[in-house]
Participant: 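What follows is a single structure, and I will ask about it in a moment.
Sequential numbering from 1 along the given sequence is applied to the chain's residues. Quick note: numbers below take in every heavy atom, side chains included, and nothing from hydrogens, waters or symmetry partners.
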Amino acid sequence: MHNRICQFLIHFIQLVSIISFCHYASQIRGEDNNTTAAKVDVGIILDLETDVGKVMHISILLALADYHANASRSAIGIVPHFRDSKKDDVEAASAAIYLLKDVQVQAIFGPQMSTQTDFVIDLGNRVKVPIISPATSPSLSVKENPFFIRAALPSSSQTKAIAAIVKNYDWRQVVIIYEDSSYGTGIVPHLTDALLEISTSVSYRSVISPSASDDQIFRELYKLNTMQTRVFIVHLQPFLASRLFLKAKEAGMMSSGYAWIITDVLTCLLDSIDPSVIESSMQGVLGVKPYVPRSNQLQNFTKRWRKRFRQEYPDMDQVELNVFGLWVYDSITSLAEAVEKVGTTAIPKSKKPDTRENLTDLDALGTSEVRSLLLESMQNTVLKTGLSGDFRIVDRELQPSPYQIVNIIGKGERSVGFWTEKDGISCKLKMNGKKTANCNNKQLGAIIWPGESTNPPRGWEIPTSGKKLRVGVPVKGGLEQFIKVERDPKTQAVTATGFCADVFKEVIQSVPYAVPYEFIPFPIPDSFNLPDYDDLVHMINSKDYDAVVGDVTILASRSEYVDFTLPFLESSISAVVPVKNDDRKNAWIFLKPLKSELWITTGAFFVFIGFVVWVLEHPVNKDFRGPKRKQVGMIFWFSFSTLVFAHRERVTSNLSRFVLIVWVFVVLVLTSSYTASLTSMLTVQQLQPTITDLNDLIKNGEYVGYQKGSFVKDVLKRMNFDSSRFRSYSTLEEYNDALSRGSKNGGVGAIVDELPYLRLFLNKYCRKYIMVGPTYKAAGFGFAFPKGSPLVPDVSRAVLKVVEGEFMNNIIQKWFGNETDCPEQDGMAITSDSLTLESFKGLFIIAGVSAGSALLLFFLSFLYQNREILATDNSIGKKLSAIAKAFDEEKDNSSSKSEKPEANESQTATLFAASEASGEILHNHPLESPEIRISDSLGASPAAEGFSTTEPGTPVHETTTGTIEER
């Protein structure tokens, strides 16, 4: 029995030896075959002490195995050379130098950390070796590093997706919590810019050191909890983030009203966080991560990956595959395809490193043309069947994919929506422009927020420390209808009443959340240089007040350092002046219809027209001849008589008739306007201001009153008022007293203030004062808050609700009472009823041009008729004297002719001869019983007028002064 056993063992040993020999021989033959095949050495630098590094390690092994399994016999083999950077930048740099100098790799994948990658990229640029890294820091630029290929999405690519979530819920302020490292700080500028594009500000930046203790983290969270912002964006590594959320839960910041958003690295590595931390401290958190579509290929690969992970790391707890592992697999696959495209011809052509002495490691690194070919082949790569989806590298940069928005519920996450650059937020991902499922017109699915709340947080709350909103209110001792502040002598509690205070209380009640507040008085003394409303508003900027309530006007200068709500009361600037006494009792009221300059111009034109008519009629019309006194009187009488159309003198010249037609029309318009204006003054009771324009106050050096503390003082200065002429008042009674006394008696000539105050004043003293223009627009009264306060939009919406409701009418009735029977004076500029020269300037120009033209034509004609006088050799004085004598000579301008013209001519010649002989005029004519009749001013014969007594056949003698008829 024993021998049989020994024989069996001998045969077994021999069989094992034969099998081992055959296996060894086959290995030898395989190695010999491989020596003839081309190989490409690829360096791989990973942090194998981290879970992410181990995930990438397994993905790389599987990617190379799949490549070699599918490659043909002639394909180029890829030999990986792994090096562990051990979470140290120096180790990563040393590993890169070793791979480049001693192994002479053609490409390097890694490192995974941004700080390590930065130095390795410099080496790659130096020796022209492609560096394919999954580092996510935005500070690593592919444009500045020609041999750098980014094999992961930069953290900056998710900022717009996060901003879209913030915009979706109309959050106006957020707090960024980030790690104090290059990984954390790299995203902050990009995230801040993305938030500013949607008008959201970063109220605070919380920096957490990776080595911070739990107490330091808790103190930082307590500081955040005392602030008003309740939206937090967390950009931390998983280990630090888990500690943060544990302390946030302890601080009560994972309850209702808070919103937490985590970035993609934390969301993708959520499985590396203790499930108990997720279940207890991260419920309701929103996260973003690159979207990876499900596929059978991915499902099969995941099974293979888990199996290989257990083989490589049997003593380690199972780690789940994440998107970084998928990106690594696709990157290595792309590298393998690039190697295959390069071919075998370029692989052996590597240059030996320079081994001269005194050279550094960088100088000793060799170069290879295959590296440039690999870079060129990989800089634009597309894997339609990539495990991570549509894996596209364009210009050495991995192109963004859709982002998935998840909600952490229980021990895991639930998808609630997607974001793409083209379509923005949607509850279902759109494929080829169509949604994959019905979204019911919702942008995001149902979200469970912290505290198991289903209502989205408002993003802003009163701090949980119990601090109330500090509201500053002005105390000025007057105009208490708008704001009145009182302090209880026993409890010292401050209460505010009045129109503005009541509106504020109603508005705060309309805000959809509780806002506790307390009023803090701000005295505004009655002095020129002491604090005013501008100083009150500045108290917000200095953090003394959280808001200002009162009759505070919205101004551009104030809005530079505070934010105003929508106005709850309109406002403009105008002036109030005393009214004049009733002009109807004035004995000289008949002069008021026309302004003095219009009276003077009209009188001057009467004289001018009279003179023109006299010049045109004097040579040919007896009515305009005679003694000088008569002629001067005729100039005034004839022109002014046209005012009442009482002139009886007839004109014979056509030029005179033309002038009179135009002038009579002007007179008609003037008299009609005068009559209408005077009638209005005598029949309509009017409140006429003592001053119609504020510029009159400046010209007259009047004092001007304004409400103390008001910005109206600055408006008056801009209008060039002398500040020494300003006087401030607080009450309506002071307004009345100052206007009653006037500037000469210690008062003012006008009160300049905003319309709400002036309306209140006129309701009480409407019969004594009147509002004059112009009116200067202002935005109105509003509530002031700190710059960027998230309360402003909510309070503004509440203001609209209050203003549009019945409450506003009731509160106006309460504080301002019923309207009086005062005339409507809402800021309309009141001007004088007297007619001005401007209204009739056109008429006077027409009349002047007509009369001047007629006068010019007359003189031209007259000079032409007497051109023989001008042609003489006499002196200028004699010529003028002769011209004047010719002008004064009477001309024959009769239009009537005798029935016997021959007789008339003979008798006229006889009359002239007799006159010259005797030196007498026609009164001394030797005819017996002459019957003389002078024709009227138009020169018409009596027979033409129908009242002549001349018998037919009676000879008629005509002279230049009239017609003599003799029986």
Side-chain angles (χ1 to χ4, degrees), residues 172 469-476 478-485 495-520 522 524 533-534 536-537 539-540 545-559 561-574 707 709-712 753-761 763 775-787 789-817 819 826-827:
R172 295 301 178 186
L469 199 69
R470 298 165 300 172
V471 180
V473 287
V475 180
K476 54 186 178 181
L479 295 171
E480 297 177 347
Q481 294 91 338
F482 289 93
I483 190 73
K484 180 181 180 181
V485 181
T495 59
T497 57
F499 174 78
C500 299
D502 285 358
V503 172
F504 175 74
K505 295 173 185 177
E506 183 69 17
V507 166
I508 291 300
Q509 291 181 1
S510 301
V511 174
Y513 48 87
V515 182
Y517 59 88
E518 59 180 349
F519 290 118
I520 302 176
F522 182 84
I524 299 180
Y533 275 72
D534 286 337
L536 170 61
V537 176
M539 298 293 282
I540 297 178
Y545 296 155
D546 299 318
V548 166
V549 171
D551 47 348
V552 180
T553 305
I554 302 172
L555 299 177
S557 59
R558 294 173 181 172
S559 64
Y561 49 88
V562 297
D563 279 347
F564 285 97
T565 64
L566 292 176
F568 59 89
L569 186 66
E570 65 175 3
S571 178
S572 297
I573 303 172
S574 192
Q707 184 183 166
S710 174
F711 73 98
V712 172
D753 209 341
E754 295 179 81
L755 286 184
Y757 308 109
L758 297 183
R759 289 196 186 103
L760 188 63
F761 176 69
N763 283 344
T775 298
Y776 301 91
K777 287 294 182 181
F781 293 167
F783 304 125
F785 289 90
K787 201 74 174 176
S789 172
L791 261 181
V792 173
D794 292 337
V795 174
S796 293
R797 282 188 285 268
V799 166
L800 290 178
K801 294 179 182 178
V802 172
V803 171
E804 294 172 357
E806 185 64 25
F807 173 82
M808 184 60 70
N809 295 330
N810 296 334
I811 199 173
I812 291 176
Q813 174 71 22
K814 173 183 175 181
W815 291 106
F816 305 132
E819 295 290 337
D826 287 344

Participant: With side chains defined as the heavy atoms from C-beta onward, is the minimum distance between Leu791 and Val515 less than 4.5 Å?
Facilitator: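 Leu791 reaches Val515 side chain to side chain.
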Participant: Between atom CD1 of Ile812 and atom CD of Gln481, what is the distance when rounded to the nearest 0.5 Å?
Facilitator: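 So the CD1 of Ile812 and the CD of Gln481 are separated by 13.5 Å.
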Participant: Does the gap between the ring centers of Phe482 and Phe816 come in under 6.0 Å?
Facilitator: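 Distance test on ring centres: under 6.0 Å, yes.
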Participant: Is any side-chain heavy atom of Ile573 closer than 4.5 Å to one of Asp753?
Facilitator: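 Answer no - side chains too far apart.
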Participant: Indicate yes or no: at least one non-hydrogen side-chain atom of Val471 is less than 4.5 angstrom from one of Val548.
Facilitator: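 Heavy-atom side-chain distance check fails, nothing below 4.5 Å.
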Participant: To the nearest 0.5 angstrom, please state how far the OH atom of Tyr561 sits from the NZ atom of Lys787.
Facilitator: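 That separation rounds to 10.5 Å.
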Participant: Any donor-acceptor pair under 3.5 Å linking the side chain of Asp546 with the backbone of Arg470?
Facilitator: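 Yes; judged by distance alone, with no hydrogens or angles, the pair exists.
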Participant: When you compare the side chains of Lys505 and Tyr517, does any donor N or O come within less than 3.5 Å of an acceptor on the partner?
Facilitator: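 Short answer, no.
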Participant: Using atom types as modelled, flag every donor-acceptor pair under 3.5 Å from a side chain in residues 798-810 to any protein atom, sequence neighbours excluded.
Facilitator:
| from | atom 1 | to | atom 2 | distance (Å) |
| --- | --- | --- | --- | --- |
| Asn810 | ND2 | Glu806 | O | 3.4 |

Participant: Dump the intermediate steps for salt bridge (charged side-chain N to carboxylate O under 4.0 Å, His left out) on Lys476 and Asp551, then the final yes or no.
Facilitator: CA-CA 11 Å; Lys476 54 186 178 181; Asp551 47 348; 2.4 Å; yes
Participant: Looking at CG of Asp794 and CZ of Arg172, how far apart are the two atoms once the value is rounded to the nearest 0.5 Å?
Facilitator: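 If we round to the nearest 0.5 Å, Asp794:CG and Arg172:CZ are 9.5 Å apart.
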Participant: Could you measure the distance from the CH2 atom of Trp815 to the CG atom of Asp502? Nearest 0.5 Å is fine.
Facilitator: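 So the gap between those two atoms works out to 5.5 Å.
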Participant: Check for a donor-acceptor pair, side chain of Ser559 on one end and backbone N or O of Ala556 on the other, with a separation under 3.5 Å.
Facilitator: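 Between the backbone of Ala556 and the side chain of Ser559 there is a qualifying donor-acceptor contact (under 3.5 Å).
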Participant: Drop me the distance from Thr565's OG1 to Phe783's CZ, to the nearest 0.5 angstrom.
Facilitator: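 Between atom OG1 of Thr565 and atom CZ of Phe783 there are 6.0 Å.
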Participant: Using only atom types and a distance under 3.5 Å, with no angle test, would you say the side chain of Arg558 pairs donor to acceptor with the backbone of Thr553?
Facilitator: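 Checked: pair present.
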Participant: Does Phe504 have its ring centroid less than 6.0 Å away from the ring centroid of Phe568?
Facilitator: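 When the ring centroids of Phe504 and Phe568 are compared, they turn out to be at least 6.0 Å apart.
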Participant: Using the benzene-type ring in the case of Trp, are the ring centres of Phe564 and Phe785 under 6.0 Å apart?
Facilitator: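 No.
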Participant: Can you measure from OG1 (Thr495) to NZ (Lys484) and round to the nearest 0.5 angstrom?
Facilitator: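 Going from the OG1 atom of Thr495 to the NZ atom of Lys484 covers 9.0 Å.
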Participant: Is a side-chain donor or acceptor of Ser571 paired with a backbone partner of Glu754 at a separation under 3.5 angstrom?
Facilitator: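 Not confirmed, Ser571 side chain does not pair with Glu754 backbone.
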